[in-house]
Amino acid sequence: MYTDKVMEHFTSPKNVGELENADGEGRVGNPVCGDMMAMQIKVEDGVITDVKFRTFGCGAAIATSSIVTEMAKGMTLEEAEAITNEDVAEALGGLPTNKMHCSNLAADALHNAIEDYRRKAAGEDGEQ
Amino acid sequence: MYTDKVMEHFTSPKNVGELENADGEGRVGNPVCGDMMAMQIKVEDGVITDVKFRTFGCGAAIATSSIVTEMAKGMTLEEAEAITNEDVAEALGGLPTNKMHCSNLAADALHNAIEDYRRKAAGEDGEQ
Amino acid sequence: MRRIYLDHSATTPVHPRVAVVAMNYMMNDYGNSSSVHAPGRKAAEAMDEARARVAEFVGAEPREIIFTSGATEADNLAILGVAHAAGDRGNHIITTAVEHHAVLHTCDALEKEGFRITRLPVDAEGRVDPSAVEDAIDDDTILVSVMLANNEVGTLQPVAEIAEIARARGVTVHTDAVQVAGQLPVDLAELGVDLASFSGHKMYAPKGVGFLYVRRGTRLKAQMFGGHHERWLRAGTENVPGIVALGEACVLAQEEIDYVTAHLTSLRDRLIAGLEERIPDVFVNGHRTERLPGNVNVCIPGVEGEAMLLHLDMKGIAASSGSACTSGSLEASHVLLAMGIKHEIAHGSLRLTLGRDNTAAEIDYVLETLPPIVENLRAMSAWKPGDEMPFED
Amino acid sequence: MRRIYLDHSATTPVHPRVAVVAMNYMMNDYGNSSSVHAPGRKAAEAMDEARARVAEFVGAEPREIIFTSGATEADNLAILGVAHAAGDRGNHIITTAVEHHAVLHTCDALEKEGFRITRLPVDAEGRVDPSAVEDAIDDDTILVSVMLANNEVGTLQPVAEIAEIARARGVTVHTDAVQVAGQLPVDLAELGVDLASFSGHKMYAPKGVGFLYVRRGTRLKAQMFGGHHERWLRAGTENVPGIVALGEACVLAQEEIDYVTAHLTSLRDRLIAGLEERIPDVFVNGHRTERLPGNVNVCIPGVEGEAMLLHLDMKGIAASSGSACTSGSLEASHVLLAMGIKHEIAHGSLRLTLGRDNTAAEIDYVLETLPPIVENLRAMSAWKPGDEMPFED
Ligand SMILES: Cc1ncc(COP(=O)(O)O)c(C=O)c1O
Ligand SMILES: Cc1ncc(COP(=O)(O)O)c(C=O)c1O
C-alpha cells in the first residue's frame with residue numbers, strides 16, 4: 001500500500017525531535033483524526049536553516065513529516081510556503097487515496113510554523 | 001435420491017404393456033404435471049389375475065407403476081382397493097418428498113381400473 | 001465405467017491451473033485484504049490483479065467489476081440495486097419470459113413491493129423482438145434486463161440492439177451473461193449494457209464467486225451492508241481464493257477462446273446431426289445458428305426427461321433436462337413453455353452442454369447410447385408422438 | 001524471516017485437511033447439487049453430510065442451517081429477513097453500540113426504511129447490561145441482535161440472559177457468533193437464540209462460505225431470489241467445495257475444542273502478562289475473564305496503531321489495530337469509543353489474536369520485539385501519555 005519511499009521515511013525518519021530556541025512552531029491534526037504533528041523551524045536571513053518534527057500518527061503521517069523537513073531545509077520562507085501537501089505526496093511517490101486528507105498535513109504544519117515565525121518576528125519588530 | 005428398490009423397478013419394470021381383452025382400465029396423470037399412467041387389469045372370481053401398465057413419467061412414476069402391478073397381482077379387488085399411494089411409496093423404501101404428490105399415482109391408477117371393471121361388470125350384469 | 005460430463009451449463013469442473021491458485025490463497029497467502037500487514041497486502045494485491053484480469057476479459061475497467069458470491073447475487077444486486085436506487089424516477093422494469101429464475105424471481109419480489117414488471121414473450125426459437133422492448137418502454141421504465149444467452153436452450157438474444165434502444169431512452173440495461181463467458185468472446189463496452197452478471201463456476205472457476213459489471217456512472221444501491229468492500233456496493237470479507245481463481249480462469253478463457261468456440265461448435269453440430277439422424281421425431285429447441293456453441297437442447301416426444309437422465313447416468317453420461325424434475329419444482333421448463341411447446345413435449349427435453357474437455361468420441365458414445373434408451377422408454381409410455389393425447393390437461 | 005500470524009480474528013489459514021476437501025470438490029466431485037446425475041447426487045449428499053456436521057457442531061438440527069457466502073450475508077439475512085417478515089407486528093430493533101459493521105450498517109439501512117433502532121451502550125469492559133435490553137423492549141420490538149463475542153476486544157456478551165428476557169417477551173433474538181466458533185464450545189439450543197451467524201474463514205475453512213442458524217419456526221424473509229436452494233431462504237448455486245470444507249472444519253474444531261480453548265487461553269494470558277510487564281502505561285481493553293481465549297487487545301498511549309503494525313510487520317509479525325487506519329475509514333474504533341476510551345488512546349490500540357498453531361515461543365518473540373518499537377514511536381510522538389493533550393479536538 002505504501003511506496004518504498006514512504007517506507008524509507010517511515011522507518012528512518014529524518015529530523016525527529018525538538019529544536020532549542022525554535023524561531024517558529026506549527027501544530028496540525030487532532031486526537032479525533034489520529035494524526036498530530038508538531039514542527040519547529042530555525043530561520044536565518046529568511047532561510048530555513050533547521051527543522052525538526054514530532055508526529056503521532058500512521059505511516060503516512062510520519063513519512064510526510066520527515067520528507068517535508070528535508071524539503072524545507074535550506075529553502076527561503078517563500079519557497080517553503082509554496083510547498084503543498086500534494087507536493088509532499090508526490091515527493092514520496094504517491095500516497096494511498098484514503099491517506100491524502102487526514103495524514104498528509106506536513107506541509108500545513110510547516111506553513112503554520114512559518115506563520116508563527118512571521119508573527120513572532122513582527123511582534124519582535126514591533127517591540128524594537 | 002432414489003432408493004435401490006426404486007432404481008430396480010425403474011430399470012427393470014415388471015408388467016409393462018397391454019392386456020388383450022382387459023377387464024378394467026384406469027388412467028391418471030396429465031400432460032401438465034408430466035406423469036401419465038395407464039393400467040389394465042384382468043379379473044377372475046373377484047381376484048386380479050393379471051395387470052399391465054404403460055407410463056410416461058419420471059423414475060418414481062415408472063417404479064411406482066411397476067411395483068403396484070406386482071403388489072396387486074393375486075389380490076382380491078377389495079385388497080387391491082386398500083392399497084394406498086403411501087403403501088406403494090413404502091414398498092419402494094420411500095420416495096423423495098417432492099415426488100410424493102405428482103409421481104406417486106400408481107395406486108390411484110389401479111383403483112381407477114378396478115372402478116372401471118366394476119362399472120363394466122355392473123353394466124354386463126344389467127344386460128344379462 | 002466411462003464418465004462423460006455433458007452438463008457444463010449447470011456447472012463446470014475447476015480447471016487444475018485455477019484450482020492450484022485457489023489452494024494457494026487458502027493455505028499460504030490467506031490474508032484478509034483489509035489488513036495492513038504483509039499477508040493482508042499480498043491478498044489485496046492479488047485481488048487487484050484479479051480484478052484487472054476479469055475486467056480485461058469482458059472489456060471493462062477494473063473499477064467496474066464488483067465481486068459477488070455468484071451470478072444469482074449479481075442478478076439480484078443489479079435488479080434490486082437499480083430498483084431501489086430509482087426513487088421517483090420510475091417503477092417499471094422490462095424483462096423476458098425466458099430469463100433465469102435469479103432474474104425472474106427477483107422481479108417477482110419487486111412486483112410485490114409495488115414495481116410494475118413487463119415480461120416480454122419470445123418467438124418459437126426463444127428470441128425476444130427488440131421492437132417489443134422499444135414498445136414496452138414508457139416514462140416509468142428504469143431497467144431492461146435481457147439475458148445474453150439462454151441457459152436452457154442456448155439462444156442468443158439481440159442484446160446490443162436492445163441496449164441501444166433502451167439507452168437512447170435513458171433506461172439502464174442489465175444482461176445476464178453467465179452462459180456466454182468462456183464460450184464466446186465478450187466485449188461489454190461494445191455491447192453497450194450498463195450491468196452484466198457472471199458466475200465463476202460456469203467457466204472453470206470455483207463455485208461461490210461471480211461478479212457484476214457496473215458501468216461507471218450507473219446508479220445502484222447496495223443490497224448487503226457491512227464493511228467498505230467493493231466500493232461500498234457489496235459488503236463482506238472478500239473471497240480471495242475464489243476471486244484470484246476467477247482471475248486465472250479469465251486469463252485461461254481468453255487464451256483459449258478461439259479454440260474453445262470452434263471446438264464446442266463442432267461437437268455441438270456433430271451431436272445435433274447425430275440425434276436428428278438416429279432418433280425419430282426429435283427436434284432441436286432454440287435458434288439454430290444464434291446459439292451458444294456448447295448447447296444442445298432437444299425434445300424427444302413420448303419420453304419424460306428425468307427417466308432419460310437416469311438411464312444416461314447409468315451409462316456414465318451426465319446430462320440435464322428442462323423438466324428440472326427433481327429440483328424442488330416439478331413443472332415443465334418455463335423457457336420451453338414460453339417458446340410455445342406443449343407441456344407433455346416440454347417434459348421430454350434433454351439438454352447436453354459441452355465443455356472444453358469433451359471429445360468427438362464422447363459424442364459418438366452418446367449417439368450410440370441414447371437411441372435404445374429412447375426406444376425402450378417410448379415402448380413403455382402411456383402415449384406416443386402423433387397419437388391424440390389420451391390424458392386430459 | 002520468521003513469520004508470526006497474530007490476526008486470526010481477521011481471518012485464518014485454511015487447515016490442510018479442510019483445503020484438501022475443498023480441492024476435491026472443485027476438481028473431482030464438482031457436480032451441481034440440483035442435478036439428477038451421479039456427480040450432482042454426490043454433491044448433494046456431501047452437502048447433506050456437511051449440513052449435519054455443522055448442525056452438530058453448534059447444537060442445532062440440520063434443517064436449521066442456511067448456508068451463505070459468509071457472516072456478513074448471514075447477519076444481513078437475519079436482520080433484514082426478520083425486519084421484512086415482520087409486517088404489522090412491529091418496527092423496533094434493539095442492538096448494541098459495539099456490533100460488527102455487518103450488523104450496525106444493516107440496522108442503519110433499516111433505519112432509513114423507517115425502522116426504529118435502539119443501540120444499547122456498553123460498560124468500560126464492553127459489556128451490555130441485560131436489564132437495559134429488558135427496558136428497551138416495547139410493543140413494537142421485533143428483534144434483539146447482540147453479538148456473542150466482540151471481534152475487536154474479545155468481550156463475551158451475556159447472550160443467554162438476554163435471549164431469555166427477549167424470548168419471554170416474544171421477541172426474536174439474533175447473535176453474531178462469528179468469533180466464538182472454534183474458540184469456545186457453542187450450543188445454540190442451550191443459548192436460546194433464534195438466529196446465529198457464523199463465518200467459515202474465521203475457523204480454518206475457506207473465505208466465501210458461512211451460515212445462518214435459523215431456529216425452526218422463526219419468521220424470516222429471503223433477501224436473495226432465484227432457485228429453490230436452502231429452503232427458499234437463500235438462492236444461488238451452493239458453494240459445494242466451501243460448504244463441504246466448512247463441514248470438515250466443524251468436525252476438526254469439535255475434535256480439538258478442549259485443547260484449543262486451553263492452548264489459546266494460556267498464550268493469551270502469557271501475552272497479556274508480558275505486555276503489562278514490559279510496556280509502561282499499556283492497558284488491556286475488554287473484559288479480563290469474560291473474554292475470548294484468543295483475544296489480546298491493548299491500548300498503548302502515545303503510539304498510533306498503524307505505525308505499530310507496520311513496524312511489527314517488518315519484524316514478521318502480523319497484527320491489527322482497532323484504528324483500521326487503512327480500511328477505508330480513518331476513524332477510531334467504534335467499539336473502543338463506545339467503551340469510553342478517548343480518541344487519541346483508541347487510535348493506539350493493538351489487537352493480537354491467537355490461533356491453534358501459535359506457540360509460546362512466538363509470544364515471547366512478540367514480547368521482545370514490541371517494546372523497542374513502542375519506545376521508538378513514543379520518542380517521536382507529538383504528545384506523551386500523562387501530558388495534557390497539546391492538540392485541540
Ligand atoms: C463479529 C463479526 N461479524 C461479522 C463478520 C463478517 O463476516 P465475513 O467476514 O464472513 O463477511 C466478522 C468478520 O469480518 C466478524 O468478526
Ligand atoms: C443464466 C444464468 N443466470 C444465473 C445463474 C445463477 O448463477 P449462480 O449459479 O452463480 O448462482 C445461472 C446458473 O445457475 C444461469 O445459468
Side-chain angles (χ1 to χ4, degrees), chain C residues 5 7 10-14 16 19 22-23 26-27 30-32 34-40 69-70 72-73 75-76 100-102 105-106 108-109 199 201 206-209 223-228 235-242 306 309-310 312-313 318-321 325-329, chain D residues 5 7 10-14 16 19 22-23 26-27 30-32 34-40 69-70 72-73 75-76 100-102 105-106 108-109 199 201 206-209 223-228 235-242 306 309-310 312-313 318-321 325-329:
Chain C
Y5 188 75
D7 200 10
T11 196
T12 57
V14 178
M23 194 77 164
M26 284 191 209
M27 290 183 62
Y30 54 80
N32 183 318
S34 297
S35 301
V36 168
H37 47 62
S69 64
T72 294
E73 188 188 338
D75 284 341
N76 273 259
H100 190 270
H101 283 148
H105 290 163
T106 303
D108 294 348
S199 182
H201 74 99
K207 294 176 178 65
V209 66
Q223 299 297 312
M224 218 185 289
F225 309 99
H228 59 284
T237 301
E238 298 96 340
N239 176 0
V240 181
E306 189 203 274
L309 297 189
L310 291 171
L312 285 171
D313 184 53
S320 74
S321 163
C325 199
T326 54
S327 304
S329 143
Chain D
Y5 187 74
D7 200 10
T11 196
T12 58
V14 177
M23 194 77 165
M26 283 190 211
M27 289 183 63
Y30 52 81
N32 183 318
S34 298
S35 301
V36 167
H37 49 62
S69 64
T72 294
E73 188 187 337
D75 284 341
N76 273 259
H100 190 270
H101 283 148
H105 289 164
T106 304
D108 294 349
S199 182
H201 74 99
K207 294 176 179 62
V209 65
Q223 298 298 311
M224 217 185 287
F225 309 98
H228 60 283
T237 301
E238 299 95 340
N239 176 358
V240 181
E306 190 204 273
L309 297 189
L310 291 171
L312 285 170
D313 184 53
S320 74
S321 164
C325 200
T326 54
S327 305
S329 144

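Computed from heavy atoms alone, side chains included, the values below leave out hydrogens, waters and symmetry copies. So you know, we letter chains A, B, ... as the sequences are listed, proteins then strands, and number each from 1.
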Item to complete: Check whether any side-chain heavy atom of D/Met27 lies under 4.5 Å from a side-chain heavy atom of C/Pro16, and answer yes or no.
Response: yes
Among C/Ser320, C/Gly208, C/Ala318, C/Gly227, the residue with the most heavy-atom pairs under 4.5 Å to chain D is C/Ala318
If one checks every heavy atom of C/Ala109 against chain D at 4.5 Å, the contacting part turns out to be side chain
Hits for side-chain contact (heavy atoms from CB on, under 4.5 Å) against D/Ala38, two or more places apart or cross-chain, chain-then-number order -> C/Arg3, C/Asp313, D/Arg41
Using the rule given for side chain to side chain contact (heavy atoms under 4.5 Å, CB included), can you reason through C/Leu310 versus D/Val36, listing the C-alpha separation, both sets of side-chain angles and the distance that settles it, and then say yes or no? CA-CA 7 Å; C/Leu310 291 171; D/Val36 167; 3.7 Å; yes
Interatomic distance, CG@C/Asn239 vs NE2@D/His201, rounded to 0.5 Å, equals 9.5 Å
Rounding to 0.5 Å, atoms CD (D/Glu73) and OG1 (C/Thr237) come to a distance of 12.5 Å
The interface call for C/His100 against chain D, heavy-atom contacts under 4.5 Å, is neither
Ranking C/Ala22, C/Gly40, C/Ser69 by heavy-atom pairs under 4.5 Å to chain D gives rank one to C/Ser69
Sorted by chain and residue number, the side-chain contact (heavy atoms from CB on, under 4.5 Å) partners of D/Ala319 (sequence neighbours excluded) come out as D/Leu309, D/Leu312, D/Leu350, D/Leu352
Ranked by heavy-atom pairs below 4.5 Å to chain C, first place among D/Gly70, D/Pro241, D/Gly242, D/Gly31 goes to D/Gly31
Side-chain donor/acceptor of D/His105 to backbone N/O of C/Gly226, under 3.5 Å | yes
When you measure from the side chain of C/Asn76 to the backbone of D/Met224, do you find a donor-acceptor pair of N or O atoms at a distance under 3.5 Å? no
Rounded to the nearest 0.5 Å, the NE2 atom of C/His37 sits from the CG atom of D/Asp7 at a distance of 3.5 Å
Checklist entry - Is a side-chain donor or acceptor of C/Lys207 paired with a backbone partner of D/Tyr30 at a separation under 3.5 angstrom? => result yes
Highest number of heavy-atom pairs under 4.5 Å with chain D among C/Asp75, C/Val209, C/Thr12 belongs to C/Thr12
